Amino acid sequence: MSLSTKYNPSEIEDKWYQHWMEQKFFASKPDPNKEPYTIVIPPPNVTGVLHMGHMLNNTIQDVLIRRARMQGKEACWVPGTDHASIATEAKVVNLLKEKGISKKDITRDEFMKHAWEWKEKYGGIILEQLKKLGASCDWDRERFTMEEDMSAAVIETFVDLYKKGYIYRGIRMVNWDPEGKTALADDEVIFKEVNSKLYHIRYQIEGTEDYLTIATTRPETIMADAAICINPNDTRFDHLKGKRAIIPLINKSIPIVEDDYVDMEFGTGCLKVTPAHDINDYEIGLRHNLEAIDIINDNGTLNEKAQILVGEDRFVARKKIGKLLKEAGNLVKEEDYTSNVGHSERTNAVIEPKLSMQWWVKMEELVKPAYEEVMNDNIQLIPPKFKNTYRHWMENVRDWCISRQLWWGQRIPAYYLPNGEYIVAETAEEALTLAKEKTGDNNLKLEDLRQDEDVLDTWFSSWLWPMSVFDGFKDPDNEDFQYYYPTNDLVTGPDILFFWVARMIIAGFEFKGQKPFNNVYLTGIVRDAQGRKMSKSLGNSPDPLELIKNHGADGVRTGLLLSSAAGNDLLFETKLCEQGWNFGNKIWNAFRLVKGWEVVNAEPSVAAKKAQEWFEARFKQAVAEMDDHFSKFRISDALMTVYKLVWDDFCSWYLEAVKPPYGDPIDRETYELTIGFFEDVLKLLHPFMPFLTEELWHQLGDRDEKDCVIVAQYPEVKAYDNEVLEKAKIAFELISQIRNTRSSKGLSPKEQLKLFIKTSDKSLYKEFASIINKLGNLESMEFTTDKVDNAISFVIKSDEFFIPMEGAIDVEKEKAEIQKELDYTKGFLNSVMKKLDNERFVQNAPEKVIEMERKKQADAEAKIKTLEDSLANLG
RNA sequence: GGGAUUAUAGCUCAGUUGGUUUAGAGCACCUGCCUUACAAGCAGGGGGUCGUAGGUUCGAAUCCUACUAAUCCCA
């Protein structure tokens with residue numbers, strides 16, 4: 001045979017993906033005769049490249065969708081990307097910079113043209129990468145959050161929420177990125193440990209020659225100080241109460257206030273309060289009615305309100321002011337200090353807390369149905385431990401800042417009138433009409449309206465995703481939306497449970513009165529072997545495409561799923577992919593064996609017939625087990641079930657039992673049944689290992705282009721013969737014991753052995769005699785009523801087995817082994833008897849439990865007797 | 001500081017409402033085999049007082065309390 005002993009995935013993967021695409025197997029359209037099964041992809045960032053998290057997440061989605069497809073459901077997996085305003089804008093700005101173009105020198109329209117060009121050229125690489133993984137998305141349905149219809153939905157919902165009073169403008173402290181010149185959401189801020197200095201600065205107490213000392217990491221903000229704050233319980237500062245202090249360098253007088261917020265242990269116990277530049281200070285400011293003095297420009301330089309160092313960058317200013325304070329004699333000391341400083345996820349600039357006018361969504365009311373429907377399990381979170389986390393967030397929900405000071409995104413549909421008022425409307429024309437009504441000024445023209453410069457947060461697009469991908473806003477009655485929505489399962493990471501999942505649920509109920517999905521499967525986070533998050537800066541993330549190249553997509557998928565229970569982080573090692581590949585190779589070689597057989601018309605062997613009966617039952621049992629695992633979203637358990645079914649049951653037991661001696665042909669009946677079993681196994685395996693199974697499906701039989709395992713009918717749960725499984729278990733244990741005996745005596749597996757059985761019930765052994773003979777490699781199998789001399793013996797249940805050994809038997813060693821088992825069984829019996837001797841147990845425990853304990857007792861007693869006999873026989 | 005989650009074999013995890021369990025799986029490990037499908041394999045084997053200390057119960061890995069440790073979210 002010319003087939004390689006090694007399975008080579010790269011030869012077949014692209015071929016089959018292309019074939020599936022050509023046959024339109026991924027495509028879905030509404031079919032009223034079929035049950036829909038829908039997944040929308042968590043849209044990856046359009047600038048992104050595939051990382052391990054995507055691999056895990058999309059593998060799970062693909063497993064679910066492929067299984068549903070084979071089960072005859074109308075399976076639809078919608079792919080797409082989001083426009084990632086900050087990330088994309090940063091990329092475009094950088095590209096323009098390389099071309100010598102500055103964003104501020106071009107118009108908004110020109111910039112958007114460049115951005116779209118960038119998107120067309122570089123965006124969406126990640127979707128191409130998903131194809132390598134085998135993702136069976138309906139690619140004809142690919143969506144992008146900035147395309148026209150999707151944007152229209154965003155604008156429509158903004159106006160809708162505004163009209164309902166859920167959207168407002170307000171000044172709030174935001175995370176300001178002075179480089180990107182935009183506000184960032186909390187999750188876009190990364191906190192890093194930074195070495196800095198703690199400056200101890202003394203302020204004169206007004207009207208005295210005394211000083212107080214504060215400690216700060218940001219001396220450049222002293223000009224924005226509105227007060228000095230002390231803890232009211234701090235007796236050290238009683239003399240300061242009611243006094244005022246003077247800011248050095250600018251000689252401004254500020255009050256000294258008292259607030260519990262001040263940590264008496266930290267620094268000097270005196271806190272400078274800078275409401276415009278620190279979130280905690282802002283809140284103290286609100287409590288004490290302090291003025292917020294903003295001395296920093298949008299680009300991070302100091303403005304004229306600072307009075308000194310105007311125009312200097314905040315970090316330059318920090319150094320210079322240190323020097324100035326020193327010269328003025330106000331710098332007491334500098335000490336080294338490490339602090340957690342927020343950085344922009346995109347530009348890496350140090351975040352500046354900044355007061356700024358932003359658009360907000362009022363969340364308190366909106367959240368209510370979304371909260372309820374998860375708490376009552378109408379929407380299920382998997383694993384359920386996330387329900388708690390979800391509840392906690394929903395109960396403490398805060399308003400959502402949805403404006404971003406960027407151009408790439410949907411521009412906020414608010415139009416300012418010359419008098420400073422504004423109108424929210426879907427179009428400028430509509431706004432003009434409304435403006436005329438509002439002002440009574442019929443001379444207003446479009447040119448008089450100025451649209452808000454800001455765009456909406458990307459999440460404000462993503463939260464509509466399950467509805468907008470089916471045009472649920474543009475055309476709510478359309479067939480797709482009616483058929484596919486609500487979707488079935490959502491697969492995503494717990495890190496965006498609030499930013500995305502919760503908001504989708506909110507949007508689903510608010511805009512359509514329906515949940516967006518039934519189940520949310522939260523995957524773990526893929527970490528490296530040391531448990532660290534994978535990150536570019538650590539360089540600990542393997543290249544997914546490289547992994548696929550080396551281990552095959554099937555190998556990587558299997559490797560990822562093998563040890564990733566829902567919600568558990570996955571400590572990734574390349575070894576896992578090797579294990580996945582090994583599994584594929586095992587199946588490949590099973591195929592080589594079967595394919596190599598010569599088939600003749602003959603009677604099946606007794607062993608083969610028994611093996612068939614057993615494997616049929618075992619297969620059905622595995623189908624039932626897998627079905628149960630899938631129903632609970634235990635994907636890795638389902639995989640493990642089929643892994644063992646293939647490796648242990650099909651390869652190690654079944655194929656070994658039916659395999660003819662080398663060179664001999666196989667009878668037709670056994671051959672055909674075996675092919676049938678193989679196909680059944682491939683079906684169970686296909687959602688996990690799509691490529692290998694498709695290849696073997698076509699190699700096993702002569703099939704046309706439409707007859708593919710991807711659309712084969714998935715095995716259904718059926719009743720099975722449990723008795724044959726129970727009997728086989730004992731027969732297999734006997735075979736293991738025979739092999740063990742051979743192995744522990746250092747005999748070759750080729751050495752044939754004689755077996756004597758002492759039992760009161762011969763039927764099981766007769767039934768399985770042929771298999772026991774073959775797999776145990778026996779010369780003979782006989783029944784006996786007496787002990788057999790010069791033999792190794794062992795006990796299964798209450799039956800005793802003897803294998804005569806030529807030459808000396810180490811009696812002491814045999815005795816020791818039997819004694820060990822006897823001790824264990826006695827201990828076990830003892831624990832059973834403790835229960836049965838306890839009156840209260842017999843009274844209180846359920847009948848079934850007591851019965852089980854009595855059975856355990858009887859079995860153990862019989863076994864002990866047999867073991868004791870064995871021991872006695874040995875002398 | 002507030003809240004949550006987790007703790008079972010060397011590693012990653014099962015163990016479903018307490019009773020088929022003096023605890024299972026995969027990987028890793030050890031021993032023997034290049035046995036004509038597969039050495040990336042085959043056969044066999046060892047390994048855990050279920051984080052610690054109490055409590056409830058006839059019975060606890062499972063329920064309760066405290067402690068310890070780790071992780072996450074919020075401030």
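Values in this document were obtained by computation on a predicted structure and should not be read as measured data.
- Side-chain proximity of A:Arg840 to the nucleotides B:rC27, B:rA4, B:rC58 is greatest for B:rC58.
- Atom NZ in A:Lys750 sits roughly 10 Å away from atom C1' in B:rU36 (whole-Å rounding).
- Panel note: side chain A:Thr59, backbone A:Met55; a donor-acceptor pair is recorded below 3.5 Å.
- Listed candidates were B:rU20, B:rA4, B:rA37. Nearest to the side chain of A:Tyr662 is B:rA37.
- Nucleotide B:rA7 is matched to B:rU68 when pairs are restricted to Watson-Crick or G-U wobble geometry with both distances under 3.5 angstrom.
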Dump the pairs, protein N or O against N or O of nucleotides 39-43 of chain B, anything under 3.5 Å, distances to one decimal.
unit_1 : atom_1 : unit_2   : atom_2 : d
B:rG41 : OP1    : A:Asn582 : ND2    : 3.4
B:rG41 : O3'    : A:Lys586 : NZ     : 3.4
B:rC42 : OP1    : A:Lys586 : NZ     : 2.7
B:rC42 : OP1    : A:Trp647 : NE1    : 2.6

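- Among the protein residues, A:Lys632 comes within range of the nucleic acid bases, having at least one heavy atom under 4.0 Å from a base atom.
- Between B:rA37, B:rC27, B:rC58, one nucleotide has an atom nearer to the side chain of A:Tyr643 than all others, and that is B:rC27.
- Base pairing of B:rA43 is made with B:rU31, judged by Watson-Crick or G-U wobble geometry with both donor-acceptor distances under 3.5 Å.
- Among B:rC27, B:rU21, B:rG46, the nucleotide with an atom closest to any side-chain atom of A:Lys856 is B:rU21.
- By the 30° and 60° cut-offs, the orientation of the rings of A:Phe650 relative to A:Tyr654 is parallel.
- For the pair A:Arg391 and A:Asp628, nearest-nucleotide mapping onto RNA chain B gives the more 5' position to A:Arg391.
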